[in-house]
Amino acid sequence: MVSRVIPVEDFDLVIFGGTGDLARRKILPGLYRRFLAGQMPDSSRIIGAARSEMDDAGFRDMVAEAIAEFGGDEGGDAACLKRFLDRVHYVPVDARGEDGWAELAKLMTRKGCEVRAFYFSVAPGLFGDLAERLRLHKIADRDSRIVVEKPFGHDLATARDLNATLAAHFAEDQIYRIDHYLGKETVQNLMAIRFGNVLFEPLWNAHYVDHIQITVAETVGVAGRGSYYDQSGAMRDMVQNHLMQLLCLIAMEPPSMFDADAVRDEKLKVIRALQPIASDQLVRGQYAAGDGQPSYRDDAENPDSRTESYIALKAHIANWRWAGVPFYLRTGKRLKARASEIAVVFKDLGHSIFPEDESRHRNILSIRLQPNEGIDLQVTIKEPGPGGMRLVDVPLDMTFADALGPEAEGVPDAYERLIMDVIRGNQTLFMRGDEVEAAWAWTDPIIEGWEARGDRPVAYEPGSSGPEDALMLLHRDRRRWRDIKTEVA
Ligand code: BG6
């Protein structure tokens, strides 16, 4: 298979917060990787903008360090790095004042560059200031694009405010709201698997599917970002956005075409059809201390914290396709493995013609997002050897790295892909304003519910699969969670 890298148009990308953590860890190394892959035209420029006083040379040193520290230089040499750094500039800018804007405006007068993108890698409180000044100084026009990151609001009211602030200066087709899960290769593969194969879609409904499990398990705790996380918790940090996006892609109706609004219209319908969650449909947990590691409360530096580092819930989508099918979602920190998967568990056979076999068999399609991206279809076959028709379940496992060879290795990471999509003007993998608001409209009452009841999260052992109560959530329904495993044997 030959790798196909299609260069994007010539562009200028301004990164506000260009000296910040996200820029150093993800955005800048990612851009360098795209440069090395030949996707970035030589004339394109990356302009860092932040409050620190620095010149081009100082910023270039910082970019080189970030690339060395956070990866991105595989396959490059000193000459490549120099060519890349020649495209990098820096302007000190005060988001809330007038300093630096005239210089930025001057720098942006390059002729012949059609695409201007502005990455707001800053606190949401600055979005309005930046948007306003970009328009005022005529740096952005009707064709410019802006990129914003999560958290996009803390609840419905704040998300609406943010949308209104951006809408005062930019049209919806100029706003790219990043959810980096949508940039993951396997997440997009969800759509390919569903809508590129004739096999699955006829079975993808309440007649054949017993239930669906979505798991995003992490081994990391919240140390280092406890003060943000403690205000947020797993519901706001992961469910409202990443897990919601996975749920949408797995549950949505086929869009009429693979186009930004067609896809986003279908996702929105799923979110709007989500039923409210009762208190017995959810379990919240907090990791305890163990294995020489501090507890959640210590990491968050809040001895009385009621914020959850784990959540499991049972959701229902009220539409014809999914009526009665539970969607079990769980995500947590400090769990036994970093493993994310979606498992579609099909119903039992209505009738078995094999009387010697009394065990229960099920087809399960599991889509592994990370690590070891791939799909695995559990099928039932005859147990080999004599002894009559006894049946056994075996995996038809496809790890994409094995199946696709080196082709699977060069895939851009989520940020690289999404930034290139911004330059291409393709919004399919970005959240639309109404989607974000609908997700908050579902999330808010759930959070308000546990706050009003004064619920406290239950403690769970670090390195475990989460709280015992979460097991009960499924046991009560005569089901069980799938094992959280790192590698598939
Ligand atoms: C971020 C969350 O959006 O996603 C983090 O704020 C979380 O808390 C991270 O750790 C997980 O992303 P990934 O790509 O490592 O699964």
Side-chain angles (χ1 to χ4, degrees), residues 17 20-27 29-30 33 70-72 119-124 147-154 159 176-190 214-249 284-287 293 296 299-300 305 307-311 329-342 367-374 411-419 429-431 435-436 439-440 443 457 462 466 484-486:
D21 201 49
L22 182 72
R24 292 176 58 251
R25 276 174 193 278
K26 294 284 183 190
I27 307 173
R33 274 194 291 271
F70 298 109
Y119 204 126
F120 290 5
S121 182
V122 294
V147 185
V148 294
E149 279 282 335
K150 76 177 263 275
F152 199 85
H154 186 71
Y176 291 72
R177 293 178 195 78
I178 287 200
D179 180 316
H180 79 278
Y181 265 58
L182 287 176
K184 288 184 192 273
E185 186 71 8
T186 317
V187 174
Q188 292 164 71
N189 235 327
L190 268 177
I214 303 180
T215 299
V216 177
E218 298 184 276
T219 50
V220 291
V222 302
R225 57 200 288 262
S227 59
Y228 150 76
Y229 193 91
D230 207 41
Q231 299 300 313
S232 164
M235 187 69 165
R236 289 188 169 100
D237 184 52
M238 297 293 287
V239 177
Q240 186 272 346
N241 36 76
H242 304 325
L243 275 82
M244 178 71 81
Q245 290 297 325
L246 299 180
L247 174 74
C248 285
L249 296 178
R284 296 192 308 135
Q286 252 179 9
Y287 57 82
Q293 307 256 40
Y296 171 80
D299 276 344
S305 172
T307 303
E308 74 287 352
S309 60
Y310 174 100
I311 188 163
L329 274 51
R330 66 178 161 164
T331 182
K333 307 260 183 220
R334 268 297 156 67
L335 297 179
K336 67 192 264 200
R338 177 173 189 256
S340 304
E341 73 151 26
I342 299 172
I367 301 152
R368 290 190 302 276
L369 308 181
Q370 56 196 25
N372 220 8
E373 292 93 334
V411 297
D413 90 350
Y415 275 93
E416 294 169 48
R417 176 192 313 278
L418 293 173
I419 296 170
L429 300 177
F430 296 84
M431 294 179 297
E435 254 184 274
V436 177
W440 281 121
T443 316
I484 298 177
K485 353 181 210 195
T486 350

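Every number for a ligand or one of its atoms is a count from 1 in the order of the listing. Index from 1, following the sequence. Just so you know, these numbers come straight off a predicted model, no measurement behind them.
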Of Arg225, Arg334, Lys333, the one forming a salt bridge (Lys or Arg N to Asp or Glu O under 4.0 Å) with Asp299 is Arg334

Which of Ile342, Leu246, Leu429, Ile367 passes side chain to side chain contact (heavy atoms under 4.5 Å, CB included) with Val187? Answer is Leu246

At under 4.0 Å between heavy atoms, what of Arg225 touches ligand 1? The answer is side chain

protein heavy-atom neighbour closest to atom 6 (O) of ligand 1 works out as Asp237 OD1, 2.6 Å

Lys150 heavy atoms within 4.0 Å reach ligand 1 at atoms 1 (C), 2 (C), 3 (O), 6 (O)

A student checking ligand 1 against Lys333 at a 4.0 Å heavy-atom cut-off should list atoms 5 (C), 7 (C), 8 (O), 10 (O)

the protein heavy atom lying closest to atom 12 (O) of ligand 1 turns out to be His180 NE2, 3.1 Å

Report task. State, yes or no, whether a side-chain contact exists between Lys26 and Asp413 at a heavy-atom distance under 4.5 Å. Result -> yes

task = For Thr331 and Val216, indicate whether the former's side chain and the latter's backbone hold a donor-acceptor pair under 3.5 Å.
result = yes

In terms of its nearest heavy atom to atom 9 (C) of ligand 1, the top option of Glu218, Arg338, Gln370, Lys184 is Glu218

Ligand 1 to His242, heavy atom cutoff 4.0 Å, flagged ligand atoms 1 (C), 3 (O), 4 (O)

message = Testing the 3.5 Å rule here: is there a donor-acceptor pair between the side chains of Glu308 and Tyr296?
response = no

shortest atom 16 (O) of ligand 1-to-protein heavy-atom contact is with Tyr181 OH, 2.5 Å

(Q) Is the ring pair Phe430/Tyr176 parallel, tilted or perpendicular, if the boundaries are 30 and 60 degrees? (A) perpendicular

